[in-house]
Chemist: 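Below are the structure tokens for one structure; questions will follow.
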Amino acid sequence: MSGTAAQGPRLRPSLDGIPTYKPGKPAGADAFKLSSNENPYEPLPGVLEAALAAAGSFNRYPDMAVTELTAELAQRFGVPAEHISTGPGSVGVAQSLVCATAGPGDEVIFAWRSFEAYPIIVQVAGATPVPVPLTATEEHDLDAMLAAITPRTRLIFVCNPNNPTGATIHRAELERFLDAVPSDILVVVDEAYREFIRDERVPDGVELYRERPNVCVLRTFSKAYGLAGLRVGFAIAHEEVATALRKTALPFGVSQLAQDAAVASLRAEEALMERVEALVAERTRVLAALAAQGWTAVESQANFVWLRLGERTLDFAALCAASGVIVRPFAGEGVRVSIGEVAGNDLFLAAAEAFRKELLAG
Ligand SMILES: Cc1ncc(COP(=O)(O)O)c(C=O)c1O
């Protein structure tokens with residue numbers, strides 16, 4: 001052997017600054033996991049059967065073109081099949097989008113705080129993240145995001161509703177923003193929580209994409225459709241971008257189980273949307289209870305709520321954990337709590353009330 005035996009493989013120095021993605025804490029057997037914005041309902045029988053049937057052939061590679069799902073989605077959204085690009089979760093598609101547009105020296109703008117994966121996938125691509133702070137009311141600061149555009153900007157993420165705050169951008173504001181972004185910059189409207197929106201002022205990204213070649217929409221089967229563990233999401237993008245995505249995507253990134261379960265979910269949409277409706281009703285109940293306790297929470301349009309707790313964030317998360325609810329703390333900032341089963345939501349509300357009383361007493 002030659003060389004220095006102690007030296008390990010040389011890794012890219014740019015990885016040093018990248019935080020590792022923190023998944024929501026797993027809950028113990030007797031705790032409710034409200035930390036990952038998952039759908040608390042178990043798979044629908046028809047969807048489970050479709051996945052189990054596909055499991056019988058997992059010695060084979062899946063259909064690389066994800067043909068059936070792509071065709072169903074194209075029909076559902078009234079877009080050409082060539083405009084759909086699927087991937088292993090919408091985070092997988094987001095990574096392919098960054099990889100298709102930005103490399104070393106290029107910049108990617110996003111609001112902050114927003115979805116944790118954005119700065120990670122940007123840095124993995126070797127590009128520079130440009131986080132733009134949210135406003136005091138937890139909203140995207142679209143003017144500041146416009147001001148952050150430079151000749152190096154290649155992509156802008158707009159998360160609507162925003163994770164972890166649940167705040168939304170309304171139609172007129174978003175259209176004004178899109179009209180002001182130079183047409184050679186890709187704007188990705190991340191609508192992971194689209195199905196939970198009930199505020200009609202929030203635009204459907206697919207409508208915005210139709211008229212704008214530089215706009216693409218990200219959607220997922222992980223949240224409303226309850227397939228988080230199977231990993232399937234998709235982009236709707238104009239042909240040039242969608243074609244680039246087919247180059248940068250991981251080959252065979254969507255398993256046959258995932259594809260078949262997603263197709264079965266689209267066909268079982270009515271039953272799934274009833275579950276979404278129940279979660280939206282729970283969100284309304286949780287937000288009303290928090291307001292009655294004296295909290296100021298964003299009128300979330302997603303399947304979670306956000307409490308800005310600053311320095312008390314970790315204390316609050318610890319109290320929740322002791323009460324049997326695992327929430328998602330962002331130290332020094334706030335806590336995101338997914339809307340789950342009624343019993344879990346009740347435990348969270350009881351913890352929130354106890355914390356508030358203690359705060360007032362202190
Ligand atoms: C805003 C946003 N985008 C994308 C994702 C990724 O979801 P998935 O990769 O499961 O589709 C998430 C997940 O939490 C999210 O909050």
Side-chain angles (χ1 to χ4, degrees), residues 21-25 33-40 43 66 69 73 84-99 108-122 124 129 131 134 138-140 155-169 174 187-197 202 205 216-237 245 249-250 253-255 257-259 261-262 265-266 279 283 298 300-306 326-328 330 334-340:
Y21 183 89
K22 285 199 198 76
K25 253 194 189 168
K33 184 182 176 209
L34 302 184
S35 53
S36 297
N37 298 343
E38 292 156 333
N39 192 318
V66 198
L69 177 59
L73 289 169
I84 307 265
S85 179
T86 55
S90 54
V91 72
V93 185
Q95 180 158 33
S96 301
L97 281 164
V98 172
C99 191
V108 176
I109 298 174
F110 46 84
W112 199 249
R113 179 167 285 279
S114 187
F115 180 36
E116 288 196 81
Y118 297 154
I120 299 174
I121 58 183
V122 171
V124 167
L134 296 171
E138 314 280 8
E139 281 149 358
H140 278 55
L155 185 150
I156 304 175
F157 281 110
V158 172
C159 191
N160 202 24
N162 189 42
N163 173 9
T165 59
T168 51
I169 308 167
L174 190 49
V187 182
V188 178
V189 184
D190 185 344
E191 296 187 329
Y193 303 96
R194 170 74 208 163
E195 297 81 2
F196 298 97
I197 297 175
V202 183
C216 112
V217 180
L218 266 186
R219 297 274 182 100
T220 181
F221 282 93
S222 296
K223 310 294 178 180
Y225 292 86
L227 302 186
L230 285 180
R231 314 304 302 128
V232 55
F234 60 98
I236 303 180
L245 279 179
L250 194 72
V254 177
S255 72
L257 265 79
Q259 178 176 196
S265 300
L266 287 173
L279 291 169
R283 176 182 77 200
V298 174
S300 169
Q301 290 289 307
N303 65 340
F304 51 83
V305 296
W306 168 250
I326 308 303
V327 300
R328 177 74 173 89
F330 297 89
V335 165
R336 187 192 70 200
V337 187
S338 310
I339 299 295

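Order of listing sets the numbers, starting from 1, for every ligand and every atom in it. All values derive from a computational prediction rather than experimental measurement.
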Chemist: Strictly under 6.0 Å, is that where the ring centroids of F304 and Y193 end up?
Modeler: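 Yes, ring centres under 6.0 Å apart.
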
Chemist: Does D190 come within less than 4.0 Å of ligand 1, judged by its heavy atoms?
Modeler: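 For ligand 1, residue contact (heavy atoms, under 4.0 Å) with D190 is present.
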
Chemist: Heavy atoms only: which of K223, R231, R219 lies closest to atom 14 (O) of ligand 1?
Modeler: K223

Chemist: So if I count the atoms of ligand 1 from 1 in the order they appear, which ones are less than 4.0 Å from some heavy atom of C159?
Modeler: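 The atoms of ligand 1 under 4.0 Å from a heavy atom of C159 are 1 (C).
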
Chemist: Assess Y193 for proximity to ligand 1: is some non-hydrogen atom of it under 4.0 Å away?
Modeler: yes

Chemist: Taking the minimum heavy-atom distance to atom 10 (O) of ligand 1, which of S114, S222, G92 ranks first?
Modeler: S222

Chemist: Taking the side chain from S114 and the backbone from F110, do they hold a donor-acceptor pair closer than 3.5 Å?
Modeler: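 No; zero donor-acceptor contacts below 3.5 Å.
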
Chemist: Identify whether the distance between the nearest side-chain nitrogen and carboxylate oxygen of K33 and E38 falls below 4.0 Å.
Modeler: yes

Chemist: Does V232 reach ligand 1 with a nitrogen or oxygen that is under 3.5 Å from one of the ligand's nitrogen or oxygen atoms?
Modeler: no

Chemist: With a 3.5 Å distance limit and no angle check, can you tell me whether S90 reaches the backbone of V93 through a side-chain donor-acceptor pair?
Modeler: no

Chemist: Taking K223 first and then E191, would you say they form a salt bridge - that is, a charged N and a carboxylate O separated by under 4.0 Å?
Modeler: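 No.
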
